[in-house]
Amino acid sequence: MDASTGNPADPPLLGSWSATRWQYTKRDEPARSVDVVCDLGGAVTLSLSAETYVLTWTLAGEGSRSEGGTSEVLDEHLRLTAEGAGHSDTVRFRVAADTLSLSAEPSAWDFDGDGRDEAADFVAVLVRL
């Protein structure tokens with residue numbers, strides 16, 4: 001990481017990653033979780049360059065969507081700010097060989113399908129493409 005800019009200039013983090021796990025666990029009901037990859041048959045990829053990111057996901061029956069914007073490394077956290085968004089999402093990350101692990105406690109997922117996200121913990125495991 002380039003400490004002066006906070007950009008993900010560290011080559012182990014840069015590149016394209018494919019999720020083998022992308023899981024949300026309901027905060028007030030920890031036994032309830034959903035893994036976008038395993039449970040929903042989805043696919044998630046994350047591409048990181050020096051100052052930008054592109055996140056693409058596909059859910060069965062819903063097609064593909066993507067977002068992109070700026071990325072910044074802050075110690076062991078990765079801040080992603082979607083283009084046009086008024087806020088950033090920050091996730092904790094760890095890179096070991098060709099595996100990227102992400103986690104975030106303040107996250108959300110629509111567990112009931114009612115259109116409202118509920119508080120969740122998030123974890124993901126991605127492998128380098």
Side-chain angles (χ1 to χ4, degrees):
M1 173 177 88
D2 180 343
S4 65
T5 64
N7 292 327
D10 187 5
L13 185 58
L14 302 182
S16 294
W17 302 88
S18 177
T20 59
R21 178 181 181 195
W22 194 274
Q23 180 176 316
Y24 297 89
T25 302
K26 192 170 180 183
R27 279 237 150 139
D28 61 357
E29 197 178 330
R32 192 164 181 197
S33 66
V34 62
D35 184 326
V36 172
V37 176
C38 295
D39 299 335
L40 302 180
V44 181
T45 58
L46 174 64
S47 295
L48 292 166
S49 62
E51 296 179 8
T52 62
Y53 80 97
V54 175
L55 178 66
T56 304
W57 63 98
T58 303
L59 293 176
E62 294 187 27
S64 294
R65 293 180 31 194
S66 65
E67 73 174 36
T70 60
S71 60
E72 180 180 19
V73 172
L74 306 164
D75 296 319
E76 73 277 359
H77 292 87
L78 178 61
R79 181 184 305 166
L80 304 173
T81 306
E83 189 173 305
H87 70 283
S88 298
D89 291 314
T90 302
V91 294
R92 195 172 309 111
F93 77 90
R94 182 176 52 217
V95 178
D98 286 333
T99 303
L100 172 62
S101 300
L102 304 175
S103 63
E105 293 174 7
S107 191
W109 180 262
D110 181 4
F111 289 92
D112 335 25
D114 64 1
R116 292 181 302 167
D117 287 344
E118 301 162 67
D121 293 330
F122 165 77
V123 294
V125 176
L126 301 95
V127 293
R128 188 177 298 281
L129 292 175

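- Here salt bridge (charged side-chain N to carboxylate O under 4.0 Å, His left out) pairs that include residues 95-105, with residues two or more places apart or in two chains, are D98-R128.
- Within the 4.5 Å cutoff, the side chain of L55 has no heavy atoms near those of the L80 side chain.
- Partners of A82 according to the side-chain contact (heavy atoms from CB on, under 4.5 Å) rule, which considers only residues two or more places apart in sequence or in another chain, are Y53, E67, A85.
- Every residue meeting the side-chain hydrogen bond (donor to acceptor under 3.5 Å, both in side chains) condition with T58, not counting sequence neighbours, appears here in chain and number order: S64.
- V123 and L40 are members of different hydrophobic clusters when ILVMFWY side chains are connected at heavy-atom separations under 4.5 Å.
- Here D114 pairs with R116 under the side-chain hydrogen bond (donor to acceptor under 3.5 Å, both in side chains) rule; sequence neighbours left out.
- Minimum heavy-atom separation, S71 to L78: CB-CD1, 4.2 Å.
- Residue pairs meeting the side chain to side chain donor-acceptor pair (under 3.5 Å) criterion with at least one partner in residues 81-93, sequence neighbours excluded, are T81-S88, R92-S103.
- The nearest pair of heavy atoms linking W17 to P12 is CZ2-O, 3.3 Å.
- Contacts classified as side chain to side chain donor-acceptor pair (under 3.5 Å) and involving residues 38-48 (residues at least two apart or in different chains) are given here: S16-S47.
- For R27, the salt bridge (charged side-chain N to carboxylate O under 4.0 Å, His left out) partners are D121, not counting sequence neighbours.
- Every side-chain contact (heavy atoms from CB on, under 4.5 Å) that S66 has, sequence neighbours left out, goes to T56.
- Scanning for side-chain hydrogen bond (donor to acceptor under 3.5 Å, both in side chains) contacts around R32 gives an empty result, with sequence neighbours left out.
- Using a cut-off of 4.0 Å between Lys/Arg side-chain N and Asp/Glu carboxylate O, E118 and K26 are scored as salt-bridged.
- Note on L59: it clusters hydrophobically with Y24, by side-chain heavy-atom contacts below 4.5 Å among ILVMFWY residues.
- R65 meets the salt bridge (charged side-chain N to carboxylate O under 4.0 Å, His left out) test with no other residue; sequence neighbours excluded.
- Scanning all heavy atoms of the two residues, the minimum distance from S33 to F111 falls at CA-CE2, 4.1 Å.
- Residues V36 and W57 form no side-chain contact, since every pair of their non-hydrogen atoms from C-beta on lies 4.5 Å or further apart.
- Cluster annotation: L48 is connected to V91 through the hydrophobic network of ILVMFWY side chains, with a link wherever side-chain heavy atoms come within less than 4.5 Å.
- Of all heavy-atom pairs between D110 and G115, the closest is OD2-N, 2.7 Å.
- Scanning for side-chain contact (heavy atoms from CB on, under 4.5 Å) contacts around V37 gives A19, W22, D35, with sequence neighbours left out.
- Using a 4.5 Å heavy-atom cutoff, the side chains of L126 and T99 are not in contact.
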- Starting from the C-alpha separation in whole Å, work towards a yes-or-no answer on side-chain contact (heavy atoms from CB on, under 4.5 Å) for F93 and V73. CA-CA 9 Å; F93 77 90; V73 172; 4.0 Å; yes

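- For S18 (side chain) and V127 (main-chain N/O), no donor-acceptor pair under 3.5 Å exists by modelled atom type.
- Partners of Q23 under the side-chain hydrogen bond (donor to acceptor under 3.5 Å, both in side chains) rule, at least two apart in sequence or in another chain, are R21, T25.
- L46 is connected to V95 through a chain of hydrophobic side-chain contacts under 4.5 Å among Ile, Leu, Val, Met, Phe, Trp and Tyr, so both are in one cluster.
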